[in-house]
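Along the sequence shown, the residues carry numbers beginning at 1. First listed ligand is number 1; within each ligand, the first listed atom is number 1.
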Amino acid sequence: MDKIHDIVIIGAGAAGLTAGIYACRANMDTILLEKFVPGGQAALTAFVENYPGFPDGISGFELMDSMRKQATAFGLEIKTGEVKKIDKQDNFFCIGTTTCKLNTRTIIVSTGVHPRALNVPGEKELFGKGVSTCATCDGSFYRDMDVAVIGGGDSALDEGIFLTRFASKVHIIHRRDKFRALHTYVKKAQENPKIEFHLNSIVASINGKNTVESITLKNVTTGEESNLPVAGVFMYIGLVPNTKIFKGFLELSDGGFIKVNENLQTSVPGVFAAGDVRETPLRQNITAASDGAVAAYSAGRFLEKIE
Ligand SMILES: Cc1cc2nc3c(=O)[nH]c(=O)nc-3n(C[C@H](O)[C@H](O)[C@H](O)COP(=O)(O)OP(=O)(O)OC[C@H]3O[C@@H](n4cnc5c(N)ncnc54)[C@H](O)[C@@H]3O)c2cc1C
């Protein structure tokens, strides 16, 4: 029979790489599987200003490359492969990927999320060049500029209010005439003189050559189109967790996020979840890294018990 590893980590973002650092440093036989290249979402972020320890900020790529180097220096083996299937055997799991099969006693799921897309012209082309899904991360780049926030839920309004710290004007675009967000967020936004609402409106296109210059709005009741000059577009129409392969295997929330206890154990003993993919109030690099540490520690305690 093939070797059974102590831990297989799925996904090499801040959560997975930190889990790798902690697991390997604790001498556990650990493999990390990543479908693209190590680094996760943060590696695609131009500049990270809020990760502790970097007073002048750091490029997302550099931060994640350092995490990868630190993990591999402790002995983490990173394999390329997309996990497609997990089978539970008597006392281990069999993981099937596009490139290999692995057996393991424990799993740390750190597959992250992807933002729900608007699917309008210009969105893909201008992503990272004015189109963003993270005001906490990118908001300060828009000092004294006009920006648009798309969405009507808590995140859209909360992040819209946050953006008024930098932007000269925040246009909140919502397709309905009422918000889904909590009344307190709506009230706070309504009272903020920097916020302008565009209700019953959808974004028909995002326009600009190399950076965002404007958006085309369509009023859903009148059908009328208008051009709104903005330098940034922040989209909050939902996050889609990368949990398709775990449906029916792990307990998920209504939104598809993995449910965990305080030790980050999922509904299946021996399987832990860390970072953006789990149910959590804040999705950032620091929280993902923290989860990675807790998940590796919990996996170690689990292994001690079964041995
Ligand atoms: C534009 C943008 C800017 C941001 N800026 C900041 C910032 O400035 N500061 C901050 O703290 N946070 C920022 N964030 C948020 C931060 O990037 C995330 O919180 C963080 O990346 C979460 O890490 P994670 O490890 O949970 O998931 P991810 O980084 O999403 O990593 C998940 C990894 O899993 C892999 N994967 C998925 N499915 C599979 C599979 N089936 N098999 C194998 N591999 C798989 C993916 O390829 C990916 O590499 C930003 C996010 C975005 C989108």
Side-chain angles (χ1 to χ4, degrees), residues 8-21 31-54 57-64 67-68 71 78-86 95-100 102 107-117 126-141 155 159 162 232-236 239-247 249 256-258 260 264 272-296:
V8 167
I9 302 166
I10 310 173
L17 288 171
T18 307
I21 293 170
I31 303 271
L32 188 154
L33 292 164
E34 168 56 51
K35 67 173 175 177
F36 295 133
V37 286
Q41 285 185 89
L44 306 172
T45 311
F47 205 60
V48 177
E49 281 182 334
N50 57 1
Y51 197 84
F54 300 96
I58 182 167
S59 88
F61 176 80
E62 218 183 316
L63 176 66
M64 298 317 296
M67 282 193 203
R68 179 193 60 78
I78 302 178
K79 280 183 187 281
T80 307
E82 178 173 357
V83 174
K84 292 282 193 187
K85 200 170 182 281
I86 298 173
I95 299 185
T97 84
T98 40
T99 55
C100 60
L102 292 174
I107 300 174
I108 296 175
V109 179
S110 48
T111 49
V113 297
H114 61 276
R116 199 178 297 283
L126 295 168
F127 196 86
K129 297 172 184 167
V131 177
S132 172
T133 48
C134 183
T136 316
C137 329
D138 299 336
S140 65
F141 300 133
S155 302
E159 300 289 287
F162 173 77
V233 180
F234 290 84
M235 298 189 300
Y236 293 100
L239 290 173
V240 185
N242 298 323
T243 51
K244 216 167 151 188
I245 52 167
F246 304 109
K247 269 183 197 149
F249 175 55
F257 293 93
I258 300 175
V260 289
L264 303 187
F272 302 85
D276 282 12
V277 74
R278 76 163 176 107
E279 255 195 331
T280 173
L282 182 66
R283 294 191 169 86
Q284 291 278 280
N285 292 311
I286 183 71
T287 50
S290 158
D291 273 8
V294 175

Worksheet item: Is ligand 1 under 4.0 Å from a heavy atom in the side chain of Thr111, in the backbone, in both, or in neither?
Response: both
Worksheet item: Which residues pass the side-chain hydrogen bond (donor to acceptor under 3.5 Å, both in side chains) test with Asp291, sequence neighbours left out?
Response: Arg278
Worksheet item: What is the closest protein heavy atom to atom 15 (C) of ligand 1, and at what distance does it sit?
Response: Arg283 O, 3.9 Å
Worksheet item: At their closest point, which heavy atom of Gly256 faces which heavy atom of Thr243, and how far apart are they?
Response: O-OG1, 2.7 Å
Item to complete: With side chain to side chain contact (heavy atoms under 4.5 Å, CB included) as the test, would you mind laying out the steps for Thr111 and Phe246 before giving the verdict?
Response: CA-CA 11 Å; Thr111 49; Phe246 304 109; 4.0 Å; yes
Practice prompt. Pick one of side chain, backbone, both or neither for how Thr287 approaches ligand 1, counting any non-hydrogen atom pair under 4.0 Å.
Written response: neither
Worksheet entry | Heavy-atom donor-acceptor pair, Thr287 side chain to Leu282 backbone, under 3.5 Å | yes
Worksheet item: Relative to the heavy atoms of Ala15, which atoms of ligand 1 are at a distance of less than 4.0 Å?
Response: 25 (O), 26 (O)
Worksheet item: Near Phe36, which atoms of ligand 1 are under 4.0 Å from a heavy atom of that residue?
Response: 47 (O)
Worksheet entry | Residue-ligand contact Val277/ligand 1, heavy atom below 4.0 Å | no
Worksheet item: Do any N/O atoms on Asn285 end up under 3.5 angstrom from N/O atoms on ligand 1?
Response: yes
Worksheet item: In the protein, which heavy atom is nearest to atom 13 (C) of ligand 1, and how far is it?
Response: Cys137 SG, 3.1 Å
Worksheet entry | Nearest-neighbour protein heavy atom for atom 34 (O) of ligand 1, which is reported as residue plus atom name and distance | Gly11 CA, 3.2 Å
Discussion item. Checking the N or O distance criterion of under 3.5 Å, is ligand 1 in contact with Gln284?
Written reply: yes
Item to complete: Taking only heavy atoms of Thr133 into account, list the atoms of ligand 1 that are under 4.0 Å away from them.
Response: 53 (C)
Worksheet item: In the protein, which heavy atom is nearest to atom 18 (C) of ligand 1, and how far is it?
Response: Asp276 OD2, 3.3 Å
Worksheet item: Counting only N and O atoms by type, is there a donor-acceptor contact under 3.5 Å from the side chain of Ser59 to the main-chain atoms of Glu62?
Response: yes
Discussion item. Heavy-atom distances under 4.0 Å decide this one: backbone, side chain, both or neither, for Ala12 against ligand 1?
Written reply: backbone
Worksheet entry | Protein residue, atom and distance nearest to atom 23 (O) of ligand 1, heavy-atom basis | Ala288 CB, 3.5 Å
Worksheet item: To which of Val83, Thr80, Thr98 does the heavy atom nearest atom 40 (C) of ligand 1 belong?
Response: Val83
Item to complete: Apply side chain to side chain contact (heavy atoms under 4.5 Å, CB included) to Gln284 and Asn50, showing your working.
Response: CA-CA 9 Å; Gln284 291 278 280; Asn50 57 1; 2.9 Å; yes
Worksheet item: Looking only at heavy atoms, which two atoms of Gly60 and Val48 are closest? And how far apart?
Response: CA-CG2, 3.9 Å
Worksheet item: Does ligand 1 have an atom that lies less than 4.0 angstrom from a heavy atom of Gly81?
Response: yes
Fill in: Over all atoms of both residues, closest heavy-atom pair of Gly16 and Ser110
CA-OG, 3.3 Å
Worksheet item: According to the interplanar angle, ranging from 0 to 90°, do the rings of Tyr51 and Phe54 count as parallel (below 30°), tilted (30 to 60°) or perpendicular (above 60°)?
Response: tilted
Fill in: Best match, Gly292, Ser110, Cys134: closest heavy atom to atom 32 (C) of ligand 1
Ser110
Discussion item. Ignoring hydrogens, what is the shortest heavy-atom contact between Ile10 and Val83? Give both atom names and the distance.
Written reply: CG2-CG2, 3.5 Å
Worksheet item: Which of the numbered atoms in ligand 1 are below 4.0 angstrom from a heavy atom of Gly275?
Response: 26 (O)
Discussion item. One residue to check: Ile10. Relative to ligand 1, which of side chain, backbone, both or neither has a non-hydrogen atom less than 4.0 Å away?
Written reply: side chain
Worksheet item: Starting from atom 43 (C) of ligand 1, which protein heavy atom do you reach first, and at what distance in Å?
Response: Lys35 N, 3.4 Å
Practice prompt. For residues Asn242 and His114, report the shortest heavy-atom separation together with the two atoms involved.
Written response: OD1-ND1, 2.6 Å
Compile the donor-acceptor pairs under 3.5 Å between side chains in residues 31-42 and protein atoms, sequence neighbours left out, one pair per line.
from  : atom 1 : to     : atom 2 : distance (Å)
Glu34 : OE1    : Ala12  : N      : 2.7
Glu34 : OE2    : Phe36  : N      : 2.8
Gln41 : NE2    : Asp276 : OD2    : 3.2

Discussion item. When you compare ligand 1 with Asp138, is there at least one nitrogen or oxygen pair between them that comes in under 3.5 angstrom?
Written reply: no
Worksheet item: Can you list the atoms of ligand 1 that are under 4.0 Å from a heavy atom of Gly40?
Response: 29 (O), 31 (O), 48 (C), 49 (O)
Response to the item:
Nearest non-hydrogen protein atom to atom 27 (O) of ligand 1, with distance, is Gly112 CA, 3.5 Å
Response to the item:
The closest protein heavy-atom partner of atom 28 (P) of ligand 1 is Gln41 N, 3.8 Å
